[in-house]
Amino acid sequence: MPLIALAIAALAVGFEAFVQWKLGAMGIIAFVALTVGVKTKSAAIGGIGAVILVMLLAQSG
């Protein structure tokens, strides 16, 4: 079980570094909003973060 948790944490950190490298500060803000929304079960905050991430990914693609 600790190995799975470690692998998930490594993936999360890697994804966060990728977002910051690819999308800059706004990407990090969106990722944090999405994470906070999921952790607090707030659909509004999570939705805002998800929409910003999608818009940034669509723009860079």
Side-chain angles (χ1 to χ4, degrees):
M1 189 67 165
L3 183 60
I4 294 171
L6 184 62
I8 291 172
L11 285 173
V13 170
F15 181 71
E16 184 178 356
F18 171 75
V19 167
Q20 184 166 359
W21 169 70
K22 187 79 174 167
L23 304 175
M26 194 64 182
I28 289 298
I29 291 169
F31 184 67
V32 167
L34 179 63
T35 304
V36 167
V38 169
K39 295 271 185 190
T40 61
K41 296 181 181 164
S42 171
I45 296 172
I48 289 169
V51 167
I52 294 171
L53 271 179
V54 167
M55 290 173 62
L56 287 171
L57 288 171
Q59 179 185 15
S60 68

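All residue numbers in this chain count up from 1 along the given sequence.
Residues forming a side chain to side chain contact (heavy atoms under 4.5 Å, CB included) with Ala30 (at least two apart in sequence, or on another chain): Ile52, Leu53. The side chain to side chain contact (heavy atoms under 4.5 Å, CB included) test applied to Val32 returns Ile28, Val36, not counting sequence neighbours.
For the atom pair Ile29 CD1 and Ile48 CD1, the distance stands at 12.5 Å (nearest 0.5 Å).
In this structure, Ile8 shares a hydrophobic cluster with Ile4, the cluster being traced through Ile, Leu, Val, Met, Phe, Trp and Tyr side chains under 4.5 angstrom apart. Other cluster members for Val13: none, since no ILVMFWY side-chain heavy atom sits under 4.5 Å from it.
Nearest heavy-atom pair across Ala33 and Gly49 is CB-CA, 3.9 Å.
One hydrophobic cluster, built from ILVMFWY side chains closer than 4.5 Å, holds both Leu57 and Leu34. Met26 is connected to Phe15 through a chain of hydrophobic side-chain contacts under 4.5 Å among Ile, Leu, Val, Met, Phe, Trp and Tyr, so both are in one cluster.
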